[in-house]
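Chain naming here is simple, since letters A, B, ... match the order of the sequence lines and numbering starts at 1 in each. The basis for the numbers below is simple: all heavy atoms, side chains too, and nothing from hydrogens, waters or symmetry mates. None of these values were measured; they are calculated from a predicted model.
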Protein chains: 2
Amino acid sequence: MLRAAISLADRDGIESLSMRNLGGKLGVKAMSLYNHVRNKEDMLDGMIDVIFSEIDLPPSGVDWRTAMRQRAISAHRVLLRHPWANGLMESRTSPGPANLRHHDAVLGSLRGAGFSVEVAARAYSILDSYVYGFTLTESTLPFSNSEEAKEVAGNLLEGFRPGEYPHLAEMAVDRAMKPGYSYGDEFDYGLDLILDGILRARSDDTKR
Amino acid sequence: MLRAAISLADRDGIESLSMRNLGGKLGVKAMSLYNHVRNKEDMLDGMIDVIFSEIDLPPSGVDWRTAMRQRAISAHRVLLRHPWANGLMESRTSPGPANLRHHDAVLGSLRGAGFSVEVAARAYSILDSYVYGFTLTESTLPFSNSEEAKEVAGNLLEGFRPGEYPHLAEMAVDRAMKPGYSYGDEFDYGLDLILDGILRARSDDTKR
DNA sequence: ACCTGAACACCGTTCAAGT
DNA sequence: ACCTGAACACCGTTCAAGT
């Protein structure tokens with residue numbers, strides 16, 4: 001049932017995931033679903049925990065930077081596959097086992113690499129903020145490839161008075177509308193910049 | 001009308017902002033609202049543009065780092081005031097004038113400080129990802145001060161088998177439950193780490 | 001130019017009744 | 001243990017009719 005709900009949300013968006021709708025997909029009336037979950041909120045809790053289980057845990061046996069990098073890339077990929085989940089991942093009042101397990105493993109990976117509790121917490125917070133924020137923008141952007149960007153940006157630019165938004169125009173022409181441009185490709189750049197920062201924060205901390 | 005809709009969303013959450021509800025607050029039936037907006041989506045477009053107008057533009061006459069820092073802090077504060085807006089800021093297919101103006105000013109501030117188009121775009125993307133992602137977690141966290149954290153974390157910990165999530169437990173006891181702890185206070189730390197990274201990226205770029 | 005009643009096609013959820 | 005019809009209190013939106 002959670003599986004069916006997730007694939008429905010993936011295909012049609014979270015706004016068309018209704019109990020009646022989901023019942024229809026499962027060949028059952030909406031009210032039957034209440035035999036399996038307390039209410040819709042409860043069902044969302046379950047769905048989010050499945051999403052957490054899809055994200056790779058940080059691998060062991062590699063340095064912390066590689067482990068954090070791989071985990072962030074995996075989280076990014078999973079969230080792109082389930083964009084509706086993005087805003088819900090950290091808002092569960094009753095987090096499920098996969099959620100807890102995931103957070104415990106990431107913190108454990110950092111602590112095991114010699115991070116203090118304080119710096120581990122901060123590093124995790126920055127990394128996750130970046131992953132969630134980047135993916136949020138990426139998956140709600142009104143275009144996803146340079147073709148669509150050209151279309152959208154072109155229409156916008158036509159409506160501008162000349163020189164009204166010069167820097168936006170420059171950005172559109174020089175980057176977004178260039179063939180082969182994809183906003184998603186920029187993910188790694190920011191991730192590495194942040195990992196560099198964390199490396200530095202860690203040295204400062206252990207030297208102290 | 002946009003004002004009324006915003007204050008309703010601020011108070012009761014976006015999920016209780018209905019046309020009937022908003023009509024009620026304005027002493028009018030729901031259908032009357034359609035004389036002022038095409039539909040609810042159109043109204044949300046307008047609301048988001050008001051939110052953009054509340055964020056300070058990067059100040060001029062200061063170095064880029066101070067300007068970016070102040071702008072990010074202002075955006076963070078505004079998004080905390082209107083948490084429902086967070087996920088909608090970058091998803092408007094038809095961005096309003098305040099939205100365009102804001103993005104143009106930020107890019108202009110960076111370009112004026114000597115950033116290349118490429119590095120300006122990346123810097124802006126990382127900063128905004130961080131602001132949106134951090135605020136998303138912050139405002140959906142099931143607790144906001146150390147008292148509530150103690151409550152929530154305490155309840156969670158009781159449900160664990162001993163040693164099941166050791167690093168989560170450590171984090172809860174050593175940080176979240178400590179008096180005076182507030183997740184929101186961590187915002188500046190990550191912001192400065194990212195600004196350091198951008199400073200370094202900029203030097204590499206101009207040296208090239 | 002603005003407002004409204006009636007209507008349509010939807011929601012989540014409860015409850016008593018069925019197998 | 002699971003399913004369902006009927007019902008309740010809601011949605012967004014259209015449209016013809018009113019001032």
Side-chain angles (χ1 to χ4, degrees), chain A residues 1-51 82-96 99 139-140 142, chain B residues 1-51 82-96 99 139-140 142:
Chain A
M1 166 201 192
L2 292 179
R3 253 63 199 193
I6 289 171
S7 81
L8 211 59
D10 289 346
R11 187 159 52 91
D12 302 335
I14 190 80
E15 70 281 356
S16 15
L17 175 66
S18 70
M19 300 305 264
R20 284 166 165 87
N21 234 317
L22 175 58
K25 191 174 176 181
L26 294 169
V28 111
K29 299 291 168 186
M31 314 72 126
S32 305
L33 302 175
Y34 289 86
N35 285 304
H36 304 94
V37 288
R38 205 154 20 181
N39 50 36
K40 196 180 183 181
E41 200 61 22
D42 191 40
M43 185 174 80
L44 283 171
D45 278 341
M47 290 166 70
I48 291 300
D49 215 51
V50 172
I51 304 303
H82 311 291
W84 52 269
N86 205 331
L88 307 174
M89 299 290 283
E90 299 297 323
S91 66
R92 305 290 90 195
T93 321
S94 50
N99 182 336
S139 59
T140 59
Chain B
M1 165 202 191
L2 292 179
R3 253 65 197 192
I6 288 170
S7 80
L8 212 58
D10 289 347
R11 188 159 52 90
D12 302 335
I14 192 79
E15 70 283 354
S16 13
L17 175 67
S18 70
M19 301 304 263
R20 284 166 163 88
N21 232 318
L22 176 57
K25 190 174 175 179
L26 294 168
V28 109
K29 299 290 169 187
M31 313 71 126
S32 305
L33 301 175
Y34 290 86
N35 285 302
H36 304 94
V37 289
R38 207 159 14 186
N39 50 36
K40 196 180 181 181
E41 200 60 21
D42 191 39
M43 184 173 82
L44 282 171
D45 277 342
M47 290 166 69
I48 291 299
D49 216 50
V50 172
I51 304 302
H82 311 291
W84 52 270
N86 205 330
L88 307 174
M89 299 291 283
E90 299 297 324
S91 67
R92 305 290 91 194
T93 321
S94 49
N99 182 336
S139 60
T140 59

Among residues 6-17 of chain B, which ones have heavy-atom contacts with DNA chain D below 4.0 Å?
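The stretch gives B:Leu17 as the residues lying under 4.0 Å from the strand, ordered by number.
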Taking only the side-chain heavy atoms of A:Tyr34 (C-beta and beyond), determine which of D:dG12, C:dC11, C:dT13 contains the nearest atom.
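Nearest nucleotide to the side chain: C:dT13.
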Determine: side-chain N/O of [X] to OP1/OP2 of [N], distance under 4.0 Å, yes or no.
| X | N | value |
| --- | --- | --- |
| B:Asn21 | D:dC11 | yes |
| B:Lys40 | D:dG12 | yes |
| A:Ser32 | D:dC2 | no |

May I have the distance from [X] (atom [atom1]) to [N] (atom [atom2]), rounded to whole angstrom?
| X | N | atom1 | atom2 | value |
| --- | --- | --- | --- | --- |
| B:Asn35 | D:dG18 | CG | P | 17 Å |
| B:Leu33 | C:dC3 | CG | C1' | 11 Å |
| A:Lys29 | D:dC3 | NZ | P | 13 Å |
| B:Met43 | D:dG12 | CE | P | 8 Å |

With side chain to side chain contact (heavy atoms under 4.5 Å, CB included) as the test, would you mind laying out the steps for B:Leu2 and B:Asp49 before giving the verdict?
CA-CA 10 Å; B:Leu2 292 179; B:Asp49 216 50; over 6 Å; no
With pairs defined as Watson-Crick or G-U wobble and both distances under 3.5 angstrom, please note down DNA chain C as a dot-bracket string, | for pairing with another strand.
||.|||||...|||||.||
Kindly determine whether B:Ser7 and B:Lys25 satisfy side chain to side chain donor-acceptor pair (under 3.5 Å), including the steps that lead there.
CA-CA 11 Å; B:Ser7 80; B:Lys25 190 174 175 179; 2.6 Å; yes
How far apart are the closest heavy atoms of A:Ser32 and A:Val28, and which atoms are they?
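Smallest heavy-atom distance, with atoms named: CB-CG1, 3.7 Å.
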